[in-house]
K.L.:
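The following block contains the structure, expressed as structure tokens.
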Amino acid sequence: MKITATAIAMAAASMLAVSCEKQAPAEQGQAASTPAENLRARLETAAAEGHVLFGHHDDPVYGHSWNGDEGRSDVLEVCGAYPAVMNWDLGGLENGDAANLDSVPFDRMKREILAQDARGGVNSFSWHLRHPLTNVDSWGTADTASVSALVHTPEGRAALEKSLDAVADFFLSLKNSDGEPVAVIFRPWHEHTGGWFWWGIANSSVDDYKELWKITRGRFDAKGVDNVLWAYSPDRCDSPEKYMERYPGDEYVDILGADIYHFGGVEGTPAYFRDALNTLGFATREAARRGKIAAFTETGCESVSVPDWYTECLLPILSAVPVSYVTVWRNAHDKPQHFYAPYAGHPSCQSFVKFYNNPVTVFVK
Ligand code: BMA
């Protein structure tokens, strides 16, 4: 494993001219006219300079052994800085719930989104929504016609638009202390190349999936939402054709990503490298060709069970592919093995601090 990682890191070092300055994302990029264009420029600049913004899901609202405290973050407690990207999940917003599917109150989430923006960080969003017609959760894949019903029937379309409007209104409500819109990344209909969500390959035709995206974008555009960068994020793919098969079109997408996890402990390391480098290779090449941004939209090794995972596995990948940001999944407070960033006292802290200190990675203070 170490040989593979070192070889990749050496190859990457010769490919990339990495600045040794650690910069907050707010200091990067060219001046642009709208918040979304500014965010786009910051991400483009990061990738061009060989920098990768580090992200963590639900970072400041709970951690491995705490829930709801103010001012805490497992990442902060390990390395002294916050993740440059915080990911949030909007699942439940479509039903008017006060908290999301993992019990994060939306009012607290909103406060943390604005705090992250004020410190020069970035906010991104996934959406594990309930099916607008059947109300089954995202993992409810029994209804094989579910996407078809949403895009082809008047009732389905109306229900879908109601769900979309809840998210569009939420994004429209994100304003900083000067009243300016806060730019965010939205990554709807993710991991669609897998069969575990009702919008995945098992439950949606290629055309219906693309239509779902087009309706989504159309609805947001009609409501005047212009503070969003849109991310496309298949799971691991074994060919560029598979990666692009359900791509809705350049006019709907800003960021080409991939969600790939490290499974199987140390023995799973070769497969993780292979799949991440392959799929992110497809993403970064297509992004370059189309003038888009590339990102490693979700990854992680549960319980950080592979020793020095951050320096031996993730860092070599980030050094080899020009992605602008990477996001690891959450540190659950109520499932002791379900965490992806180290917490204070975990054996992987030292590796994480080296990862933090590496010139490639970007965090915010
Ligand atoms: C999964 C797990 C679940 C969680 C879901 C949505 O990967 O973390 O515990 O409910 O994401 O956030």
Side-chain angles (χ1 to χ4, degrees), residues 55-68 73-75 83 85-95 97-110 112-113 116 123-132 135-141 163 166-167 170 184-203 231 233-236 257-265 268 272 275-276 279 295-306 309 314 325-343 346:
H56 186 213
H57 183 61
D58 281 349
D59 182 81
V61 289
Y62 58 79
H64 180 253
S65 59
W66 56 275
N67 182 23
S73 149
D74 283 347
V75 167
V85 177
M86 289 186 185
N87 191 69
W88 308 99
D89 199 280
L90 297 168
L93 193 68
E94 71 281 359
N95 281 359
D97 297 346
N100 81 355
L101 78 170
D102 295 318
S103 307
V104 179
F106 286 111
D107 57 356
R108 171 82 195 269
M109 187 189 292
K110 198 162 165 181
E112 295 292 350
I113 291 163
Q116 172 69 351
N123 293 284
S124 71
F125 295 85
S126 48
W127 191 21
H128 288 94
L129 74 161
R130 289 182 165 269
H131 188 278
N135 208 36
V136 298
D137 68 28
S138 294
W139 296 265
T141 54
S163 295
V167 173
F170 183 82
V184 300
I185 297 165
F186 185 34
R187 189 165 60 85
W189 318 124
H190 67 302
E191 296 172 18
H192 59 279
T193 50
W196 44 90
F197 295 138
W198 55 253
W199 56 88
I201 42 165
N203 288 59
S233 60
D235 200 74
R236 67 195 69 214
D259 290 12
I260 299 162
Y261 282 82
H262 186 152
F263 295 118
Y272 178 63
D275 293 346
T279 311
F296 199 176
T297 39
E298 257 188 59
T299 189
C301 175
E302 193 176 35
S303 302
V304 203
S305 63
V306 171
W309 184 79
L314 186 57
Y325 69 92
V326 60
T327 308
V328 299
W329 203 239
R330 66 200 197 102
N331 284 15
H333 59 87
D334 52 353
K335 298 180 186 174
Q337 306 308 317
H338 194 51
F339 63 92
Y340 293 87
Y343 53 86
H346 187 268

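One-based numbering, in listed order, for ligands and for the atoms of each. Computed from a prediction, not measured in an experiment: that's the story for all the values here.
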K.L.:
Please work out which of the three classes, parallel, tilted or perpendicular, describes the rings of Phe170 and Phe125, given edges at 30° and 60°.
P.N.:
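If you compare the ring of Phe125 with that of Phe170, the planes turn out perpendicular.
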K.L.:
If you measure from each non-hydrogen atom of Asp102 to ligand 1, which part falls under 4.0 Å: side chain, backbone, both or neither?
P.N.:
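It is the side chain that touches ligand 1; the backbone stays farther off.
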K.L.:
So for ligand 1, is Trp139 a polar contact partner (N or O within less than 3.5 Å, distance only)?
P.N.:
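So ligand 1 has no N or O lying under 3.5 Å from an N or O of Trp139.
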K.L.:
How far is atom 11 (O) of ligand 1 from its nearest protein heavy atom, and which residue and atom is that?
P.N.:
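Minimum-distance protein heavy atom for atom 11 (O) of ligand 1 reads Trp329 NE1, 3.3 Å.
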K.L.:
Using 30° and 60° as the class limits, which term best fits the ring planes of Phe197 and His128: parallel, tilted or perpendicular?
P.N.:
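Perpendicular, since the angle between the ring planes exceeds 60°.
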K.L.:
If you count the atoms of ligand 1 from 1 in the order shown, which ones are under 4.0 Å from a heavy atom of Lys335?
P.N.:
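Counting atoms of ligand 1 from 1, those under 4.0 Å from Lys335 are 3 (C), 9 (O).
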K.L.:
Tell me which protein heavy atom sits closest to atom 2 (C) of ligand 1, plus the residue, atom name and distance to 0.1 Å.
P.N.:
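Result: His338 NE2, 3.3 Å.
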K.L.:
Does any donor atom in the side chain of Tyr62 or Arg330 lie under 3.5 Å from an acceptor atom in the other side chain?
P.N.:
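There is such a pair between these side chains.
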K.L.:
So if I count the atoms of ligand 1 from 1 in the order they appear, which ones are less than 4.0 Å from some heavy atom of His128?
P.N.:
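What qualifies from ligand 1 is 6 (C).
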K.L.:
Centroid separation under 6.0 Å, is that true for the rings of His192 and Trp199?
P.N.:
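No; His192 has its ring centre 6.0 Å or more from that of Trp199.
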K.L.:
Quick check: His338 with Tyr340 (ring centres under 6.0 Å apart)?
P.N.:
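Close enough - the centres of the two rings lie under 6.0 Å apart.
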